[in-house]
Number of protein chains: 2
Amino acid sequence: MTGQVRTVDGRVAGRRGQATRQKLLDCLSEMLSSSPYRDVKVIDVARKAGTSPATFYQYFPDVEGAVLEIAESMAKEGASLTELAAGRSWVGKAGWQTAQDLVEGFLTFWRKNDAILRVVDLGAAEGDKRFYKIRMKILNSVNNSLADAIKDLQSKGKVDKDVNANAVAGSLVAMLASVAGHQKGFQSWGVKQAELKPSLALLVHLGVTQKKPVK
Amino acid sequence: MTGQVRTVDGRVAGRRGQATRQKLLDCLSEMLSSSPYRDVKVIDVARKAGTSPATFYQYFPDVEGAVLEIAESMAKEGASLTELAAGRSWVGKAGWQTAQDLVEGFLTFWRKNDAILRVVDLGAAEGDKRFYKIRMKILNSVNNSLADAIKDLQSKGKVDKDVNANAVAGSLVAMLASVAGHQKGFQSWGVKQAELKPSLALLVHLGVTQKKPVK
DNA sequence: AACTTGTCCTGTCATGCCGTCAGCTTACCG
DNA sequence: CGGTAAGCTGACGGCATGACAGGACAAGTT
């Protein structure tokens, strides 16, 4: 179902074209890591890719369009985040391990894609539905798993019925995403990387189970 | 200590000049709410303010410079957020009230300044120390108060000693900021505004006290 | 009222990026 | 080898940027 890759004017991209296209995406991705989103210019991306601006516009309507492309492929990769929370136990020592693994996996993923995720975050916050949808796609996998875990605990009477599973799960995921995006920021609060993870895991565990973890 | 307002070329701004300057800031602020940061152009701001681009450049080095100005004044206003958490009780019903008030105040402040806060967030995430500093200034007030509360509970033996107060407080504040910035986003998860606040309050309470709130 | 002084604003200009098109080159295929 | 479609770029009008010099203006002075 992955329709053929097409240029802006409707031609089908061949082997060479796809390579160029990919190169442009790679270079854009790199630029996003090294300079502010606002200052990323088409001409710079093209130069870096050893081609001309006109070529860029053959494959993408504008910078935003290309960014969406990158984000989309990242979102696919991010689907694997589901495994971090789906079908795991939240009881006893296993529960603490689940929380830790979730935090670890989440932070790793976020750090690996931080440049593009920043832009996605901004686009979503600005109300752009396309970015918004991508952000959802990534967070949804984790969010749904967490919400399911909470609902499960509720049905067993271990968590209060009046807790809104979706809202709590969503807030926890937002916390993970935000902290991941400002990891450097915590250093100025005198909080080191290594201390951050257990704290996040603690909060996740508390949020899901309403109990202190058994370590 | 608030040195005189100066133009880029060093002149002191008089009454009229300050008015123009302020008008430019207001218009920029408005533009940030209605269009993506990346697309805000000096010429549009100037037109909206009924003046010329050249005038803009007399008061600000560039768009970013003006944004910093706006952010700075917002940060001052944000200092009042301290009151939301400082010197409050975290025990019993009062504790639940504290958590609720904190969430309410935080979300209100964020919503009122969402446009500029988005940009500050982006700047900070991109590693710009100036934005970073402003973000800190706003969050610090809340963060320190929460951290103090946790430390206080620790000294009374109500919270485990191995909890890193700063890290937990920072994570909670990051959660609040993130959720506030993506309030609309939660609607797609089928979570309504009204349900969000109690969930956040619950998480804050759990994080600070490690106990379920007494309602 | 004319003059002076310092603030304030804008017209204008060189520069550089944007986004598009026509047209050239390259690859593939019968 | 000729046809066809893909791939790329030079060039161009349009617009934003950022700098400057000089004109407009307000307020005080003589």
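Quick note: numbers below take in every heavy atom, side chains included, and nothing from hydrogens, waters or symmetry partners. It should be emphasised that the depicted structure is a prediction, and the values quoted were computed from it without experimental measurement. By convention in this document, chain letters (A, B, ...) are assigned in the order of the sequence lines, proteins followed by strands, and residues within each chain are numbered from 1.
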Would you mind classifying the nucleic acid contact of Phe60(A) as base, sugar-phosphate or nothing, using non-hydrogen atoms under 4.0 angstrom?
nothing
Between atom CG in Asp62(B) and atom C1' in dG16(C), what is the gap in whole Å?
16 Å
From dC8(D), dA27(D), dC9(C), pick the nucleotide closest to the side chain of Arg15(B)?
dA27(D)
Tyr57(A) has its side chain closest, among dC17(C), dG7(D), dT20(C), to dT20(C)
Within this structure, what is the CZ-to-C1' distance between Arg21(A) and dA6(D), rounded to whole angstrom?
15 Å
Among the nucleotides dC8(C), dA6(D), dA16(D), whichever has the atom closest to the side chain of Arg47(B) is dA16(D)
Within less than 4.0 Å of OP1 or OP2 of dC8(D), is there a side-chain N or O belonging to Thr55(A)?
no
side-chain N/O Thr20(B) vs dC8(C) OP1/OP2, d < 4.0 Å
no
For Asp39(B) and dT17(D), what is the distance between atoms CG and P respectively, to the nearest whole Å?
11 Å
Quick one: Leu24(B) CG to dC8(C) C1', roughly how many Å, whole number?
12 Å
With a 4.0 Å cut-off on N to O distance, would you call Glu64(A) and Arg38(B) a salt bridge?
no
In terms of side-chain geometry, is the basic nitrogen of Arg47(B) or Asp44(B) positioned less than 4.0 Å from the acidic oxygen of its partner?
yes
Could you check how far CD of Gln58(A) sits from P of dG10(D), rounded to whole Å?
14 Å
Would you say Arg88(B) and Asp101(B) make side-chain contact, with heavy atoms under 4.5 Å?
yes
Touch class at under 4.0 angstrom, heavy-atom based, for Thr7(A) against every strand present
nothing
Taking for each residue the nucleotide of DNA chain C with the nearest heavy atom, is it Pro61(A) or Arg16(A) whose nucleotide lies nearer the 5' end?
Pro61(A)
Would you mind telling me which residue lines up with the more 5' stretch of DNA chain D, Ser52(A) or Arg38(A), judged by nearest nucleotide?
Ser52(A)
Think Thr51(B) has a side-chain N or O under 4.0 angstrom from the OP1 or OP2 of dT10(C)?
yes
d(CD, Gln18(A); P, dA27(C)) in whole Å:
17 Å
Fit a plane to each ring of Trp96(A) and His205(A), take the angle between them on a 0 to 90° scale, and name the class: parallel (under 30°), tilted (30 to 60°) or perpendicular (over 60°).
perpendicular
In whole Å, what is the span from the CG atom of Asp9(A) to the C1' atom of dG19(C)?
14 Å
Could you tell me the separation between the CZ atom of Phe56(B) and the C1' atom of dC20(D), rounded to a whole number of Å?
18 Å
What nucleotide, of dC8(D), dC8(C), dG11(C), holds the atom closest to the side chain of Ala54(B)?
dG11(C)
Is the shortest distance from a Lys or Arg side-chain nitrogen in Lys112(A) or Glu77(A) to a carboxylate oxygen in the other one below 4.0 Å?
yes
